[in-house]
Amino acid sequence: MTVRVRFAPSPTGYLHIGSARTALFNYLYARHVGGKFLLRIEDTDLARSTEESTRSILDGLAWLELSHDEDIVFQSDNADKHRETARRLLAEGKAYRDFTVREAPSDANVKDAIKDRARAAQGEKNMRDNPFRDLSEAESEARAAAGEPFAIRLKVPMHGRTAFDDAVYGIQERNYDDTEDLVLLRSDGHPLYNLAVVCDDIEMQITHVIRGQDHLTNTHKQVLIYEALGVTPPTFAHLPLIMAPNKGKLSKRKHGEVVSMTTYRDAGFLAAAFRNFLALLGWSAGEEQEIYSLDELIAKFSLEGIHRSNAVFNFHESDPRKWTDDKAIWMNAEYIRTMPFEDLLPFIKPELKAAKLWRDEYDDDEREWFESTVNLIRQRFFTLKDFSNQGRAYFSEDFDFDPAAIEKNLSKYPDLKMWLPELAERFEAEFDTLPYTEENIETVVKAFTEEKGTKLGVIMNGARTLLTGVAVGPSMLSVFETIGLERTILRLRSQIAWNA
RNA sequence: GUCCGGUUCGUCUAGGGGUUAGGACACCGCCCUUUCACGGCGGCAACACGGGUUCAAAUCCCGUACCGGAUACCA
């Protein structure tokens, strides 16, 4: 039997980090065993589902390059089948009509309301005490025929327990006493989550359900539905949750952008790097390797390697330099500086284009210069954005000067205001005949420094600031060379920074 | 409240009866260097607690604590 897994997000917001990892694990498992990775949009909550969310989720998956097999299933399209299934269970006596008048949904904090209600019941609550559970068939039919609204609830057996062998958490058991007669169909005829999921998973012939462990109790309910339907449940694998730094729930509402996949795409992350990071959040191959290509992840992924304990996504809200997890940033930087140039180019190009820094010559005449420049500057970059921000001066004459750099490297040495234009003269004269190479540049700059009776660092850092606008970067000799003689002279003469 | 799950450096994790408890990120120091966020070397830092089983427990069992999840006519 071929393995079929699905990723089933509800379109109530963008793709967040937890869902993304669930999608990734499903994808990796499917690819590992040569199965199918399916996508189902759980849009049965008409009030909260939006098309925009669906699009955003699809965008996120596309960015992560998690391509699905077969057509996307929209759960709402199957509502009739879900209703039919509920009616069948009713007809078979495995479900019953509940004529209890529906409570108005509490508007405030739903979670808290539920918790309060549960606590108030003080364990006194008998999950089987619904007065309509044992209503005679005749009376049930009569009341329904009279037009009285009813919900359909599953008739959970009085004695026994649900059990399944979770691929991650092992044997899971739960007494029927702890599960209420769950509603399958709302009184307005709307099918509910657990019913819809089971019906669709059966219909889609899902063999493995890989999802967050927040679904563990749902799974018991779903097993009950499978049993009522006489269908063997799939294998379940529940994933540990991804938590906020305070070990609380990571939520869109509380933590905002940092949990959204699009944030990472827009911040200049490479999908490969982020995927790699995500894969290691709750899974490990049991070895010390950290960097994995997609093919390696697929080759090494296994359900056995999934952890049971939750993982913290360690971002620092108050520190702009660590706005997201350190390791994610490090991994992205690692990819940026070690990827083959040809693989990186397709990402740098659009980045530079968007910043109006791209020139077509980089593709042919200046290809060599472009490549060596990128290889030079990418060593200290963290995201693709750095190419257009910190790297701007390499590609454009229109760049800003970092005030801190001016302060540190120029203001402190007023003589530089004269010296650097003078150095420009010197360059112009010397390199009229001499080749503009690192070696020769070093000789010229050193001689110049000695004449002025100053330290090499003063001249070099002053020049760095004028040439690149920032205080950090590669070896200054390389910078001189890659910026080129002409632009070096122009920038050394410029007084813009001094007037800033 | 009840049910379920979890607990190894700050974080991600390896290990799963005998290890100097390993790696990565972060942090700190030294080196390289004109700067630096690259690189090299090094350092700091963990088995939640209490019982038991055992010659031996981070590892197995029980309990406690703490954290998390669930408990809807949401998904």
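Everything numeric in this text was worked out from a predicted model, so none of it was measured. All chains are named by letter (A, B, ...) in the order of the sequence lines, taking the proteins before the strands, and each is independently numbered beginning at 1.
Pairing partner, B:A21: none, since no Watson-Crick or wobble contact has both distances short of 3.5 Å. Nucleotide B:A48: paired with B:U64 (Watson-Crick or G-U wobble, both distances less than 3.5 Å). With a cut-off of 3.5 Å on both Watson-Crick or G-U wobble distances, the partner of B:C38 is given as none. When both distances must be under 3.5 Å, the Watson-Crick or G-U wobble mate of B:A58 does not exist. Both distances falling under 3.5 Å, in either a Watson-Crick or a G-U wobble arrangement, place B:C27 opposite B:G43.
In this structure, A:Gln213 atom CD and B:C67 atom C1' are separated by 12 Å, rounded to whole Å. Remark: P of B:U33 and CD of A:Glu438 are 15 Å apart, rounded to the nearest angstrom. Atoms OH (A:Tyr176) and P (B:C4) sit 16 Å apart, rounded to a whole Å.
Taking 4.0 angstrom as the limit, A:Lys249 places a side-chain polar atom (N or O) nearer than this to OP1 or OP2 of B:A70. Regarding contacts with the backbone of B:C74, a side-chain N or O of A:Arg186 is found under 4.0 angstrom from either OP1 or OP2. Look at A:His215 and you won't find any side-chain N or O under 4.0 angstrom from OP1 or OP2 of B:C4. Phosphate contact (OP1/OP2 of B:A75, side-chain N/O of A:Arg48, threshold under 4.0 Å): absent. Taking only side-chain nitrogens and oxygens, A:Thr217 never comes nearer than 4.0 Å to OP1 or OP2 of B:C4.
Of the charged side-chain nitrogens involved, none lies within less than 4.0 Å of a carboxylate oxygen, so that A:Glu148 and A:Arg97 do not count as a salt-bridged pair. Note on A:Asp188 versus A:Arg186: salt bridge recorded, some NZ/NE/NH1/NH2 to OD/OE distance being below 4.0 Å.
The base of B:A75 sits within donor-acceptor range of the side chain of A:Asn218, with an N or O pair under 3.5 Å. Donor-acceptor pairing under 3.5 Å, judged by distance alone, is absent between the side chain of A:Ser475 and the base of B:U35.
Classification of the A:His238-A:Phe236 ring pair by plane angle, with boundaries at 30° and 60°, yields parallel. Ring geometry, A:Trp323 versus A:Tyr264: the interplanar angle falls under 30°, so the pair is classed parallel (tilted spans 30 to 60°).
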B/S/- contact track for nucleotides 12-21 of chain B, protein heavy atom under 4.0 Å: BSSS------
Summary of protein contacts for nucleotides 57-63 of chain B, nucleotide by nucleotide, where a base hit scores B, a sugar-phosphate-only hit scores S (4.0 Å, heavy atoms): -------
Contact letters for nucleotides 38-47 of chain B, in which S counts primed atoms plus P, OP1 and OP2 and B counts the base, heavy atoms under 4.0 Å: SS--------
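A gap of 8 Å separates the C1' atoms of B:A65 and B:A48, to the nearest Å. A gap of 30 Å separates the C1' atoms of B:G17 and B:G10, to the nearest Å. The P atoms of B:G6 and B:C44 are separated by 33 Å, rounded to the nearest whole Å. Spacing between B:C67 and B:C55 at atom C1', rounded to whole Å, works out to 36 Å. Look at the C1' atom in both B:U7 and B:G43: the space between them is 28 Å, to the nearest Å.
Relative to the ring axis of A:Phe448, A:Arg426 does not place its NZ or CZ within 45° and under 6.0 Å from the centre.
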